[in-house]
Amino acid sequence: MSPKPMARPGGRSARVQASVHAAVRELEAEQGRAALTVPLVAARAGVTPSTIYRRWGDLQELLSDVAVERLRPDTEPADHGDLRADLTAWAEQFLDEMSSTAGRAYIRDALLGDPDGGNAGQCSDYAAAQVDLVLDRARERGKNGAGGEGDADGGGGASAREAVMDHVVAPIMYRILFRPEGLSAAYARELVERTLDRLPG
C-alpha cells in the first residue's frame, strides 16, 4: 500500500486543531504532562471544553493526536550521493529521534489513544514516505547515469520499501519499545547493511 499524506483539516477546523495542539505543547512545557486537563487546555486554546470532547473524545485521544502530528517528519531525508549513504544517515537520524526521551513519549501517547490502530498506521506511513524518497532518489540517479555504489536500479519500488520497513524500521521500533538498552547508531548502520544485501541490483 502506498503511503498517503495525512489529510489536514481546513478552515475553522484547522484553526481549532492548531490552537489546541499549541496549547497542549505550551502547557506540557510549562507545567508537565501530568498537569494537563481538558479544561486547562481549552482555556489556553480559547475554546470550550465541549469542543475538545466533541472532536477528540478525551484527554488521552487529544494527546495521541498531538503525538502523531509531532512524529510527522518536517524535512526530507538528506541527499548524500548514493543509496547506502542516504539510507544509513536516515536510519541513524530516525533511531536517534524515536529513541529520545521526547520520541518515546510521543510513541507512547500515539499508541495509547489509538484503539483501532489508525495512529500506528499513520506513523508507519510517515516512515514509508521517507524511505520512498530515499529509494526514488537512488532510482533517478541510476536513470541519469549517476548512480553510486549501492544505488537501487530497478527491482520494484514497493518490494524495496517493504524490505527497508521490515528489516530497518521494524527492528528499530521493536527495540525502542521493548529492548531500548544499548541502542546506537552502529545498530542502525548494521540493519541498513543487512538490508541492502537483500536488495536486487
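- The two residues S99 and L95 have their closest heavy-atom pair at OG-O, 2.6 Å.
- Scanning all heavy atoms of the two residues, the minimum distance from R141 to G81 falls at NE-O, 3.1 Å.
- A salt bridge links R139 with D136; the closest basic N to acidic carboxylate O contact falls under 4.0 Å.
- The distance from atom CD of E69 to atom CG of D74, rounded to the nearest 0.5 Å, is 10.5 Å.
- In this structure, L62 and I52 have side chains that are in contact, with non-hydrogen atoms separated by less than 4.5 Å.
- In this structure, I176 and R104 have side chains that are in contact, with non-hydrogen atoms separated by less than 4.5 Å.
- Side-chain contact check for W56 versus S64: every heavy-atom pair is 4.5 Å or farther apart.
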Query - Evaluation steps, side chain to side chain contact (heavy atoms under 4.5 Å, CB included), between I107 and M98 - result: CA-CA 8 Å; I107 292 168; M98 293 297 106; 4.1 Å; yes
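- Contact annotation: the side chain of D65 approaches that of H21 to within less than 4.5 Å [non-hydrogen atoms, C-beta and beyond].
- A110 approaches N119 most closely through the heavy-atom pair O-ND2, 3.2 Å.
- In terms of heavy atoms, L36 sits closest to V41 at CD2-CG2, 4.5 Å.
- Within the 4.5 Å cutoff, the side chain of E30 has heavy atoms near those of the R44 side chain.
- Within the model, atoms CD1 of I172 and CE of M165 stand 10.5 Å from one another, a figure rounded to the nearest 0.5 Å.
- Residues V164 and L196 fall within the same hydrophobic cluster, defined by Ile, Leu, Val, Met, Phe, Trp and Tyr side chains chained together at heavy-atom separations under 4.5 Å.
- For A22, the side-chain contact (heavy atoms from CB on, under 4.5 Å) test picks out R25, E26, with sequence neighbours left out.
- By the salt bridge (Lys or Arg N to Asp or Glu O under 4.0 Å) test, E97 is found to be paired with no residue, residues two or more places apart in sequence or in another chain being considered.
- Taking OG1 of T195 as the reference point, atom CG of D166 lies at 9.0 Å (rounded to 0.5 Å).
- Hydrophobic clustering of Ile, Leu, Val, Met, Phe, Trp and Tyr side chains at less than 4.5 Å, counting indirect connections, keeps L133 apart from Y126.
- Follow the hydrophobic side-chain contacts under 4.5 Å out from L71 and you never reach V24; the two are in separate clusters.
- Of the inter-residue distances, the one linking T101 atom OG1 with Y106 atom OH reads 10.5 Å to the nearest 0.5 angstrom.
- For the pair R179 and Y174, the NZ or CZ position fails the cation-pi test of under 6.0 Å to the six-membered ring centre and within 45 degrees of the ring normal.
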Requested in this report: Take E193 and R84 through the test salt bridge (Lys or Arg N to Asp or Glu O under 4.0 Å) and record every step on the way to the result.
Outcome: CA-CA 8 Å; E193 290 297 322; R84 189 173 301 273; 2.6 Å; yes
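- Of the inter-residue distances, the one linking M173 atom CE with F94 atom CZ reads 5.5 Å to the nearest 0.5 angstrom.
- Distance CG/L63 to CG/L112: 9.5 Å, rounded to 0.5 Å.
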Requested in this report: Check the pair D109, R70 against salt bridge (Lys or Arg N to Asp or Glu O under 4.0 Å), reporting the backbone distance first and the verdict last.
Outcome: CA-CA 11 Å; D109 279 339; R70 296 185 82 171; over 6 Å; no
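- Side-chain contact between Q130 and V134 is absent, with no heavy-atom pair separated by less than 4.5 Å.
- In the model, R55 has a side-chain atom that pairs as donor or acceptor with a side-chain atom of Q17 under 3.5 Å.
- Listed here is the closest heavy atom pair of R137 and P77: NH2-O, 3.0 Å.
- A pairwise comparison of heavy atoms in Q122 and V68 identifies CG-CG1, 4.0 Å as the closest pair.
- Remark: the backbone N or O of V131 is not paired with any side-chain donor or acceptor of R161 at under 3.5 angstrom.
- A donor-acceptor pair is defined here as one N or O able to donate and one able to accept, closer than 3.5 Å; no such pair exists between the side chain of R108 and the backbone of G103.
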